[in-house]
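Letters A, B, ... mirror the listed sequences (proteins, then strands); counts begin at 1.
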2 protein chains.
Amino acid sequence: MAKLTKQLPTKRLPMLPAERALKVISGRWKAVILYHLFDGPRRLSVLKTLVPNITQKVLIQQLREMEGHGLIRREIFAEIPSRVEYSATRLGLSLEPILLALCEWGQHHADELNEVDRLADCIIRPRQARQPAIA
Amino acid sequence: MAKLTKQLPTKRLPMLPAERALKVISGRWKAVILYHLFDGPRRLSVLKTLVPNITQKVLIQQLREMEGHGLIRREIFAEIPSRVEYSATRLGLSLEPILLALCEWGQHHADELNEVDRLADCIIRPRQARQPAIA
DNA sequence: GGCCATGGTCACCTTCTGGTCAGCAGCGGA
DNA sequence: TCCGCTGCTGACCAGAAGGTGACCATGGCC
């Protein structure tokens, strides 16, 4: 029998839908991780290099939480050597427009407060900007 | 000279726009408070009753943070007796569609995970549903 | 003066989150 | 056999966020 990912009891999310959504996506690295998974499945080791400054333990921690919330999927490929891949679920993908909106609002906000200089580029881009349509 | 609201040094927000936005709106009560302010200016005492279960100290704390981030405005009216009102700024109002999207997504999320029963009504509604157009 | 309401502060404590560091199992290659 | 890579866990810790309770200043009213 396959050893499943340890499932912590997934403590109850807030009652109010908006707070629930916020709780689910606000974690120190979740937006970034999610963004990278929007581009396709990624192995842990790849994510580690894509999200520098994150430790492996914390990365896994964030991934587990997102998995528990149904945003991402964890698949073990029974190859030799075996491989583990993380990918966004439908539910996770449905967050893309929201993340995009947040990103735009964040820029707007920095703009209004004259703090644009303290702002990095928005790595979250509309899908078509990342995957040019194949004519 | 008017005594200004004590300004804590407003610690720097994250560099990435999306994270910045998340940081700004994710606080235990911010979404709810904001929602109530979308409907118009509110006095502290009124907010306290609108958001039950929040203590005054925490309420003020959340209001201060949002004020610092430019989402809301605090005005003291020099009437007798003087009155303090909190209201959403343009910047704060610009969050409405996002909060709405989060709310919808939250419902969608609960739906997908079969946890709709654990969900309260979405108090955040599109503006027109709350303020019917005046012919 | 005594009492209440409003808006607010301070000191303190608890919980949650993220973080460091060390360690481990499975597998392949030298 | 020892080393290194990959994926993962556990002990422990520090800081932030949220929460409680006591207390304060101003001003009205009786």
Rounded distance (Å) that lies between atom [atom2] of [N] and atom [atom1] of [X]:
| X | N | atom1 | atom2 | answer |
| --- | --- | --- | --- | --- |
| B/Glu65 | D/dA16 | CD | C1' | 10 Å |
| A/Arg74 | D/dT9 | CZ | C1' | 12 Å |
| A/Ile60 | C/dG18 | CD1 | P | 15 Å |
| A/Gln56 | D/dC5 | CD | P | 13 Å |
| B/Ile54 | D/dT20 | CD1 | P | 10 Å |
| B/Ile33 | D/dG18 | CD1 | C1' | 12 Å |
| A/Ile76 | D/dT6 | CD1 | C1' | 13 Å |
| A/Phe77 | C/dG26 | CZ | C1' | 19 Å |

task = Report the residue (A/Gly27 or A/Ser82) whose heavy-atom-nearest nucleotide on DNA chain C is the more 5′ of the two.
result = A/Gly27
Using a cut-off of strictly less than 4.0 Å, decide whether [X] has a side-chain nitrogen or oxygen near OP1 or OP2 of [N].
| X | N | value |
| --- | --- | --- |
| A/Tyr86 | D/dC8 | yes |
| A/Trp29 | C/dT17 | no |
| A/Arg43 | D/dT6 | no |
| B/Gln62 | D/dG18 | yes |
| A/Arg64 | D/dT9 | yes |

task = Take A/Arg83 and A/Ile76 through the side-chain contact (heavy atoms from CB on, under 4.5 Å) test and state the conclusion after the steps.
result = CA-CA 6 Å; A/Arg83 188 165 45 100; A/Ile76 307 158; over 6 Å; no
task = Examine distances only and state if a side-chain atom of A/His109 and a backbone atom of B/His69 form a donor-acceptor pair shorter than 3.5 Å.
result = yes
Closest to the [X] side chain: [options]?
| X | options | answer |
| --- | --- | --- |
| A/Ser45 | C/dG7, C/dG18, D/dG7 | D/dG7 |
| A/Lys23 | D/dG18, C/dT17, C/dC21 | C/dT17 |
| B/Leu44 | D/dG18, C/dG8, D/dG7 | C/dG8 |
| B/Lys57 | C/dG19, C/dT9, D/dG7 | C/dT9 |
| A/Val84 | C/dT9, C/dG18, D/dG7 | D/dG7 |
| B/Thr55 | D/dG7, C/dT9, D/dT20 | D/dT20 |

ask   = Which comes earlier along DNA chain D counting from the 5' end, the contact point of B/Arg28 or that of A/Lys48, where each point is its nearest nucleotide?
value =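 Between the two, 5'-proximity favours A/Lys48.
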ask   = Which is it for B/Thr89 and B/Arg73 under the side-chain hydrogen bond (donor to acceptor under 3.5 Å, both in side chains) test, yes or no, and what are the steps along the way?
value = CA-CA 6 Å; B/Thr89 58; B/Arg73 190 184 307 117; 5.3 Å; no
inquiry  = I'd like to know whether A/Arg43 forms a side-chain contact (heavy atoms from CB on, under 4.5 Å) with A/Lys48, so could you lay out the CA-CA distance, the side-chain angles of the two residues, the decisive distance to 0.1 Å, and finally the verdict.
reply    = CA-CA 9 Å; A/Arg43 304 186 52 166; A/Lys48 231 189 312 179; over 6 Å; no
query = So which heavy atom on A/Tyr86 is nearest to which on A/Leu37, and how close?
reply = O-CD2, 3.4 Å
Nearest non-hydrogen partners of A/Pro17 and B/Cys103, listed with the distance = CB-O, 3.2 Å
